[in-house]
Amino acid sequence: MSDLHSDISHDQHAVRRQKLAELRAAGFDPFRANVTPTHFSADAKALYVEGQDYAQVVTVAGRLVTFRVQGGSSFVKIQDQQGPIQLYFRRDVLGEERYGVFKKSLDLGDIIGVTGALFKTKTGEITVRVDAFTLVCKALRPLPEKFHGLSDPEIIYRQRYLDVIMNAESRARLMTRSRIVSHIRRFLEAQSFIEVETPVLEATAGGAAARPFKTHHNALNADFVLRIATELRLKRMLVGGFDRVFEIGRIFRNEGVSRRHNPEFTMLEVYQAYSDYRGMMTLIRDMLTTLVRDVIKPADGSLKIMHAASGQEIDFGGEWREVKYKDLIREATGDADWFARSKADKIAKAEAMGLSINPAWEEFEITNEIFSKQIEPTLIQPTFVTHLPKELCPLAKITADDPTTIDVFELTIGGMEVAPAYSEQNDPDVQRQMFEAQAGEEKQNIDHDFLLALEHGMPPAGGMGVGIDRLCILLTGAESIRDVILFPQLRPGA
RNA sequence: GGGUCGAUAGCUCAAUGGUAGAGCAGCGUCCUUUUAAGUCGUUGGUUCUGGGUUCGAAUCCCAGUCGACCCA
């Protein structure tokens with residue numbers, strides 16, 4: 001290795017390959033080795049009894065993330081899914097030969113298994129004194145730098161495995177997402193909801209207004225689209241007598257990518273027969289307060305979480321305001337007769353409020369621009385915005401005392417729409433008329449097979465959608481949807 | 001789609017038209033309770049790609065690739 005022409009000491013990849021070759025030449029191949037851990041790191045540490053050093057023997061395994069060699073003894077740390085645990089290697093315990101293998105053949109990033117007894121160091125860290133170790137995977141590439149971690153966003157997203165090895169906050173945030181989804185499943189199952197799976201490949205993209213991805217099935221020689229919602233399939237199950245159903249499913253929308261949008265995202269949709277939008281209020285409030293209580297667990301025992309974007313605390317334990325969409329518009333415009341104004345007056349007023357209005361928009365779209373730009377971002381505390389204009393969604397029941405609105409709410413938290421819910425339209429004739437009356441960007445494709453299902457009879461029901469990614473942004477304090485999705489969509493790399 | 005910013009050693013970053021550097025990692029020493037361990041020495045560059053300007057380009061100009069942010 002000291003020959004000038006073959007010096008590879010500057011090339012970490014080559015050095016590691018050489019170490020692997022030397023191990024194999026000595027009769028040991030790490031890629032044919034394995035280990036049977038008895039505990040994960042945190043569970044192992046929990047076994048330690050104060051004052052009883054070397055009483056408990058464990059086998060743990062993980063990736064080498066710190067390496068501190070000091071002559072005849074060394075401290076290293078490995079990391080598994082529960083986090084790091086410190087190991088103590090000693091020449092006088094392992095013997096000259098094995099200690100030499102430890103020092104010469106192992107690198108940061110390697111995966112090892114060790115067996116040894118728990119003790120507490122003089123600085124108070126519970127540590128495994130290693131009696132035996134096995135290299136079970138040689139990392140041929142070096143880890144990013146230990147102190148600054150990994151900060152290049154492109155590597156963080158494209159090589160997420162490096163991010164979650166190096167950045168504890170990323171690891172914690174993405175694990176929280178798993179716990180959130182798990183909590184939602186258990187919460188709904190405890191209330192007799194049935195989880196179902198419906199097709200991703202659809203003949204018609206229904207249930208929402210969005211551009212779909214298109215694909216083709218060769219054997220059927222038919223074009224398909226990827227679903228943009230699960231709503232119409234789940235309602236068919238209500239027709240079929242599955243009275244409480246939900247799906248946590250991937251949705252695909254062929255639209256822009258931004259801090260708030262990924263082309264594929266996860267949506268919970270839940271439908272409950274013999275309920276309505278008011279029943280959904282109770283359901284979502286219980287779901288979110290238990291989520292904060294059991295998963296996020298605010299340190300002070302409250303149900304408050306910090307909302308970085310607004311600098312405010314969001315209190316899930318406070319009163320959840322309920323307010324009609326029209327009242328919010330009247331309040332924001334300062335015009336009690338807003339909905340009676342002409343389109344020209346609406347445009348003038350909206351532009352005076354600093355909005356840029358497309359003259360081709362329908363009147364409800366002008367009004368909704370005010371809602372999404374001027375009102376929604378200010379709704380930080382949990383707020384049920386109710387009774388939206390009927391043009392915004394064709395799938396809900398018309399309000400009994402106001403034929404221009406529908407029996408729905410949009411739950412808004414932290415300035416973001418988190419969960420829309422409806423009293424679901426189950427009159428097949430009204431449903432058909434509402435589909436046909438759709439206009440502007442809200443226009444949905446008509447799914448005739450769905451209308452056929454409605455004619456067979458769907459029980460009255462409440463339904464709700466929850467954007468899981470946005471909920472995770474809110475609850476984990478993430479800045480971007482990319483930070484709560486393991487592998488966010490990027491342009492294919494070079 | 002438009003605008004702004006960015007890409008330099010494995011990673012995190014310097015170098016403001018004049019010899020491309022540092023810390024960590026790596027390699028070679030010393031070190032048996034460390035916590036970004038310490039210590040002495042040391043290797044390592046297609047400065048994103050392709051053109052152009054210039055005596056001379058990481059640096060200036062043009063085009064492209066990828067990313068971030070803002071806007072639509």
Side-chain angles (χ1 to χ4, degrees), chain A residues 1-19 22 53-54 64-79 83-96 99-100 102-110 116-130 139-163 165-168 211 254-261 309 354-358 360-361 369 372-373 441 479-483 488-494:
Chain A
M1 261 210 297
S2 55
D3 181 343
L4 278 177
H5 297 288
S6 64
D7 181 9
I8 55 166
S9 66
H10 60 274
D11 183 339
Q12 301 189 46
H13 183 211
V15 167
R16 285 162 183 252
R17 282 197 175 277
Q18 170 130 354
K19 288 182 181 180
E22 285 166 1
D53 282 359
Y54 311 114
L64 266 169
V65 290
T66 61
F67 210 74
R68 287 192 277 271
V69 177
Q70 29 178 2
S73 81
S74 305
F75 286 98
V76 308
K77 280 184 184 170
I78 60 171
Q79 183 169 277
I85 184 168
Q86 181 164 263
L87 313 177
Y88 186 42
F89 288 72
R90 291 178 63 109
R91 184 192 285 138
D92 59 7
V93 171
L94 287 161
E96 193 73 39
Y99 192 72
F102 157 75
K103 280 215 298 188
K104 292 287 182 188
S105 301
L106 299 194
D107 288 297
L108 281 175
D110 289 353
L118 295 169
F119 74 105
K120 191 176 256 187
T121 67
K122 71 179 186 186
T123 54
E125 180 156 357
I126 297 168
T127 301
V128 179
R129 191 201 57 197
V130 175
L140 298 174
R141 302 278 179 179
L143 289 176
E145 192 243 11
K146 62 183 175 184
F147 182 58
H148 298 92
L150 178 64
S151 58
D152 180 340
E154 190 167 354
I155 298 179
I156 285 174
Y157 299 140
R158 287 194 198 278
Q159 294 178 272
R160 179 68 88 181
Y161 47 92
L162 293 177
D163 175 45
I165 291 168
M166 300 307 299
N167 297 327
R211 278 170 55 198
N254 201 343
E255 294 171 351
V257 179
S258 79
R259 243 157 36 105
R260 294 258 177 276
H261 299 86
L355 298 171
S356 52
I357 301 299
N358 180 341
W361 280 349
E369 182 74 0
S372 26
K373 291 286 162 57
E441 292 183 357
E479 292 182 358
S480 165
I481 196 170
R482 286 184 284 259
D483 296 328
Q489 201 66 51
L490 297 181
R491 199 179 288 275

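The sequence lines fix the lettering, A, B, ..., with proteins before strands; numbering per chain opens at 1. Keep in mind the model is a prediction, meaning the values are calculated, not measured.
Looking at the side chain of A:Ser9, the nearest of the listed nucleotides B:rU32, B:rU34, B:rU43 is B:rU43. Among the nucleotides B:rU33, B:rU12, B:rG44, the one closest to any side-chain atom of A:Ser73 is B:rU33. Checking B:rC31, B:rG26, B:rC11 against the side-chain heavy atoms of A:Pro144 singles out B:rC11 as nearest. Taking only side-chain atoms of A:Lys104, from C-beta outward, the nucleotide of B:rU34, B:rU43, B:rU29 with the closest atom is B:rU29. For A:Phe147, counting side-chain heavy atoms from C-beta on, the closest listed nucleotide (B:rU33, B:rG67, B:rA36) is B:rA36. Side-chain atoms of A:His148 lie closest to B:rU12 of the nucleotides B:rU12, B:rC27, B:rC66. With B:rU32, B:rC27, B:rG67 as the candidates, the nucleotide lying closest to the side chain of A:Asp92 is B:rU32. Side chain of A:Val69, nearest nucleotide from B:rC31, B:rC27, B:rG44: B:rC31. The side chain of A:Ser151 has B:rU12 as its nearest neighbour among B:rC69, B:rA68, B:rU12. Listed nucleotides: B:rG67, B:rU12, B:rU33. Nearest to the side chain of A:Arg90: B:rU33.
Between B:rA15 and B:rU34, the two P atoms lie 38 Å apart (nearest whole Å). Rounded to whole Å, the separation between the C1' atoms of B:rA58 and B:rU8 comes to 7 Å. If you take atom C1' in B:rC71 and the same atom in B:rU19, they sit 45 Å apart, rounded to whole Å. Rounded to whole Å, the C1' atom of B:rA14 lies 27 Å from the corresponding atom of B:rC55. B:rG21 and B:rU42 have their P atoms separated by 15 Å, with the value rounded to a whole Å. Rounded to whole Å, the separation between the C1' atoms of B:rA63 and B:rC69 comes to 23 Å. Between the C1' atoms of B:rU12 and B:rG3, the separation comes to 29 Å (whole Å). Comparing B:rC60 with B:rG45, their P atoms are spaced 25 Å from each other, to the whole Å.
Between A:Arg482 and the phosphate of B:rC69, there is a side-chain N or O to OP1/OP2 separation shorter than 4.0 Å. Contact annotation: A:Lys77 does not reach the phosphate of B:rA36 (side-chain N/O to OP1 or OP2, under 4.0 Å). Dashed line: the shortest gap from a side-chain N or O of A:Arg158 to OP1 or OP2 of B:rG67 is under 4.0 Å.
Across the protein-nucleic acid pair, A:Arg68 atom CZ and B:rA37 atom P stand 4 Å apart, rounded to whole Å. Nucleotide B:rC11 holds its C1' atom 10 Å from the CG atom of A:Leu162, rounded to whole Å. When rounded to the nearest whole Å, the span between NZ of A:Lys122 and P of B:rU33 equals 6 Å. In this structure, A:Ile155 places its CD1 atom 14 Å from C1' of B:rC13, rounding to the nearest Å. When rounded to the nearest whole Å, the span between CZ of A:Phe102 and C1' of B:rU32 equals 12 Å. Atom pair A:Arg129:CZ and B:rU34:P shows a separation of 18 Å (rounding to whole Å applied). Residue A:Arg259 contributes atom CZ, which lies 11 Å from atom C1' of B:rA68 at whole-angstrom precision. Between the C1' atom of B:rU32 and the CZ atom of A:Phe75 lies a distance of 9 Å, rounded to the nearest Å.
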Decide yes or no on side chain to side chain donor-acceptor pair (under 3.5 Å) for A:Tyr99 and A:Ser73, but give the supporting numbers first. CA-CA 9 Å; A:Tyr99 192 72; A:Ser73 81; 5.5 Å; no
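Side chains of A:Tyr157 and A:Asp483: a donor-acceptor N/O pair is present below 3.5 angstrom, by distance only.
Of all non-hydrogen atoms in A:Lys19 and A:Lys104, the two that sit nearest each other are CE-O, 3.4 Å.
Note: A:Phe89 and A:Phe75 fail the aromatic proximity criterion, with ring centroids not under 6.0 Å apart.
Nucleic acid contact for A:Gly256: none, since no nucleic acid atom lies under 4.0 Å from a heavy atom of the residue. The residue A:Arg491 sits close only to the backbone: its heavy atoms come under 4.0 Å of sugar-phosphate atoms, none of a base. Residue-level contact check: A:Arg141 touches neither bases nor backbone, having no heavy atom under 4.0 Å from any strand. Here A:Tyr157 lies in heavy-atom contact (under 4.0 Å) with sugar-phosphate atoms only. When heavy atoms are screened at a 4.0 angstrom cut-off, A:Lys146 is found touching the sugar-phosphate backbone but no base atom. Among the atoms of the strands shown, only primed sugar atoms or phosphate atoms (P, OP1, OP2) are found under 4.0 Å from some heavy atom of A:Asp152. If you check every strand for non-hydrogen atoms under 4.0 Å, A:Thr121 touches a base. Across all strands, A:Tyr99 comes closer than 4.0 Å to no nucleic acid atom at all (heavy-atom distances).
Interface remark: the A:Gln12 side chain does form a donor-acceptor pair with the B:rA25 base, using a distance-only criterion of under 3.5 Å. Interface remark: the A:Gln70 side chain does not form any donor-acceptor pair with the B:rU33 base, using a distance-only criterion of under 3.5 Å.
A donor-acceptor distance shorter than 3.5 angstrom exists from the side chain of A:Glu145 to the backbone of A:His148, with no hydrogens or angles considered. Formation of a donor-acceptor pair under 3.5 Å by the A:Ser9 side chain with backbone atoms of A:Asp7 is not found in this model.
If you find the closest nucleotide of RNA chain B to A:Lys19 and to A:Glu154, the one lying nearer the 5' end belongs to A:Lys19. Map A:Gly149 and A:Arg16 each onto its nearest nucleotide of RNA chain B; the residue landing nearer the 5' end is A:Gly149.
B:rG56 is unpaired under the Watson-Crick or G-U wobble criterion, no partner having all donor-acceptor distances under 3.5 Å. Applying the Watson-Crick and G-U wobble criteria (two distances, each under 3.5 Å), B:rU16 pairs with nothing in any strand. With a 3.5 Å ceiling on both atom-pair distances, the Watson-Crick or G-U wobble partner of B:rG67 is B:rC5. Under the Watson-Crick or G-U wobble criterion, with both distances below 3.5 Å, B:rC11 is paired with B:rG23.
A 6.0 Å sphere centred on CZ of A:Arg260 holds more than 12 heavy atoms belonging to other residues, nucleotides or ligands. Within a 6.0 Å radius of CD in A:Glu479, no more than 12 heavy atoms belonging to other residues, nucleotides or ligands are found.
Comment: A:Lys120 does not engage A:Asp53 in a salt bridge, judged by the lack of any side-chain N to carboxylate O separation of less than 4.0 angstrom.
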